[in-house]
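Counting from 1, the numbers follow the sequence of the chain as shown. In this text the structure is predicted, and so the values were computed from the model without any measurement.
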Amino acid sequence: MTLPAINIHSSGFWFCLILIIGVFLVWYILKRRMDRYELKESKAVKGIAGVLILLILVYLIGALLSSPIINAKKYQQLLTVEDGEFTKDIEELSFDQIPLLDRDSATLLGNRKMGSMVDMVSQFEVDTIYSQINYNDKPVRVSPLRYASPIKWLTNQAEGIPAYIKIDMATQTTELVKLEEGIKYSTSEYFNRNIYRHLRFHYPTYIFNELSFEIDEEGVPYWVCPVKKFNIGLFGGATVGRVVLCNAITGETTDYAIEEVPQWIDRAYSADLLVELYDYYGSLKHGFINSILGQKDCLTTTEGYNYLAIDDDVWVYTGVTSITGDQSNVGFVLMNQRTMKTKFYKVEGATELSAMDSAEGQVQNLKYVATFPLLLNIDGEPTYFIALKDNAGLVKKYAMVNVQKYQVVGIGDTVSECEEEYYNLLLKEGIQKEAEDTRKVQTLTGKISKIAQGVVDGNSHYYVMLEGSDEIFDISVVDMIQVIRYEIGQEITLEYKMGEEVNTVLSIQ
């Protein structure tokens, strides 16, 4: 029923052992029908009871000796934290790399996509896993389908689960990826094809952490199964020592040491495990008692986390604040879900919850709800990026909130509109300065060979080419109305600054 690992580091193994011996002791007593005197004098009962008590004592003592109460320093050193440089480590992302959706929105899109698949919706539903991964350098969430009921499993298990859901978190494109051969190993299977039973019978001594569903670069579905490693006593200091990779279609497994995990795997360490390890690191610097009473130099992660895609890896992002729970962050950390590499960035500012409140305050008349922020580098400024959703869970607007000055909030219907308003606010507040134009003024005289008219941001512009030159010159009608007098063949002198594709004209003669 429980399938505990046959491993002394597994609490489930000890519980089952104690339960089995306890049940055997009761069965033995009932079978012999012993009276009080026989029970007291029976050597067999005393022996079995002695073993039972010994096991309970060993478990309790082992738990105590494995706890942070005694091993605070060892717990604090489980995680190695480096100091990072924000503008260097976190590059500015293009819009197609920014995940605009949170897990709830992805779930909503996945369910809607499934509802439109008439041939499958009566037999299958979408699993709740929705792992966020990097797929071909794009942030996506993937989740397998599952059988809608035990009866649906009975009628479909021969072919397996025929597809999985893939959601592009940047473009919000939702795709039902159909497989040539169905998924035979999943959480919704029964008996020996259930992924947990399948893993247990292949690796009876492994203690697995949270499983995740991922796809490789060719779109083949796998289960990524981290194996716990206990570094302190019997039950303490859990990290990840190995990773078992299980093909969801064939059930074929491969066992890797954590250092040898393939690059495409993104989630060897769960976000919750990484956050727990950093909390040990931040709160136990001066021992366990200090973390409870004095709390000198004690730091903890803020409530919630999000994900960033950097260099084809997924990093968990969360803020760091004082353990006393004030309303400001002392910085934030990024933790790699494949390697456990952790970087701390000293950027003081508002907590994520404060930023969410600030964004909601800008649209309080619409009663939109803010999602948990994503940390971005916008023109060198640490910035919370927040999606704002209506009561139906649909993303309606976007917000950018400055981490250090959370009153600076840019709102837009699209990401580009949001960024433009945010940048204008940075200029207005003096946080950023207008970039100085260092281009030299040049002069060119020649006859007009081509002239065309266009509209940019509601203003008319003339685009001119001169004989003997391939350059295009942009002349604003608002600034130089006299341009309308010129025609092809007329000689003209232009003062301009060079651009990448079009040169900006400053004056004409």
Side-chain angles (χ1 to χ4, degrees), residues 83-95 97-100 102 278 282 299-308 310 315-334 343-389 395-436:
D83 288 333
E85 186 178 342
F86 178 77
T87 54
K88 179 180 178 181
D89 294 345
I90 305 178
E91 299 178 353
E92 294 191 47
L93 300 176
S94 60
F95 293 155
Q97 293 177 300
I98 300 175
L100 307 179
D102 62 356
Y278 189 84
L299 300 175
T300 186
T301 54
T302 52
E303 183 179 342
Y305 52 77
N306 214 324
Y307 302 95
L308 277 177
I310 304 173
W315 296 66
V316 176
Y317 150 77
T318 186
V320 178
T321 187
S322 167
I323 205 168
T324 54
D326 55 25
Q327 295 300 307
S328 62
N329 284 352
V330 298
F332 61 89
V333 286
L334 292 179
K343 291 188 175 184
F344 173 78
Y345 299 85
K346 188 180 171 84
V347 179
E348 297 179 358
T351 63
E352 294 87 346
L353 294 181
S354 298
M356 291 165 67
D357 290 340
S358 185
E360 289 176 356
Q362 296 293 315
V363 291
Q364 58 183 339
N365 58 313
L366 301 173
K367 297 182 180 180
Y368 290 161
V369 178
T371 61
F372 191 83
L374 181 70
L375 186 73
L376 298 180
N377 177 0
I378 303 296
D379 206 39
E381 284 292 317
T383 302
Y384 290 129
F385 177 77
I386 300 170
L388 295 165
K389 301 191 295 184
V395 176
K396 293 298 186 181
K397 288 182 180 292
Y398 302 98
M400 289 184 179
V401 182
N402 190 270
V403 171
Q404 295 171 309
K405 293 187 177 180
Y406 67 98
Q407 301 88 347
V408 178
V409 183
I411 301 287
D413 293 330
T414 65
V415 182
S416 55
E417 286 181 13
C418 178
E419 184 184 39
E420 183 178 357
E421 182 180 346
Y422 177 68
Y423 183 73
N424 290 334
L425 289 172
L426 293 180
L427 294 176
K428 182 179 179 181
E429 296 293 328
I431 300 172
Q432 291 284 349
K433 294 183 179 179
E434 196 80 57
E436 184 179 351

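For residues 416-425, no pair satisfies salt bridge (charged side-chain N to carboxylate O under 4.0 Å, His left out), with sequence neighbours left out.
E381 pairs with exactly one of M400, Q404, K405 by the side-chain contact (heavy atoms from CB on, under 4.5 Å) rule, that one being Q404.
The shortest heavy-atom contact between V401 and I386 is CG2-CD1, 4.0 Å. Residues G319 and N329 come closest through the heavy atom pair CA-ND2, 3.8 Å. Scanning all heavy atoms of the two residues, the minimum distance from L376 to F86 falls at O-CZ, 3.6 Å. Nearest heavy-atom pair, L100 versus Y398, reported as atom, atom and distance to 0.1 Å: CD1-OH, 3.8 Å.
With hydrogens and angles disregarded, no donor-acceptor distance shorter than 3.5 Å links the side chain of S328 to the backbone of T321. No donor-acceptor distance shorter than 3.5 angstrom exists from the side chain of Y278 to the backbone of V320, with no hydrogens or angles considered.
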Taking only distance into account, with no hydrogens and no angle test, what donor-acceptor pairs under 3.5 Å do side-chain atoms of residues 354-370 form with protein atoms, sequence neighbours excluded?
| unit_1 | atom_1 | unit_2 | atom_2 | d |
| --- | --- | --- | --- | --- |
| S354 | OG | T351 | OG1 | 3.0 |
| S358 | OG | Y406 | O | 2.8 |
| E360 | OE2 | A370 | N | 2.9 |

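Residues passing the side chain to side chain donor-acceptor pair (under 3.5 Å) test with T383, sequence neighbours excluded: Y422. Annotation: side chain to side chain donor-acceptor pair (under 3.5 Å) contacts of Y307 (sequence neighbours excluded): none. The side chain to side chain donor-acceptor pair (under 3.5 Å) check on N306 picks up nothing, with sequence neighbours excluded. Qualifying side chain to side chain donor-acceptor pair (under 3.5 Å) partners for T87, counting only residues two or more places apart in sequence or in other chains: none.
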- With side chain to side chain contact (heavy atoms under 4.5 Å, CB included) as the test, would you mind laying out the steps for D89 and L334 before giving the verdict? CA-CA 10 Å; D89 294 345; L334 292 179; 5.9 Å; no
request  = Might you work through the side chain to side chain contact (heavy atoms under 4.5 Å, CB included) test for L374 and L308, ending with a clear yes or no?
outcome  = CA-CA 8 Å; L374 181 70; L308 277 177; 3.7 Å; yes
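In the displayed structure, Q407 atom CD is contacted under 6.0 Å by more than 12 heavy atoms of other residues, nucleotides or ligands.
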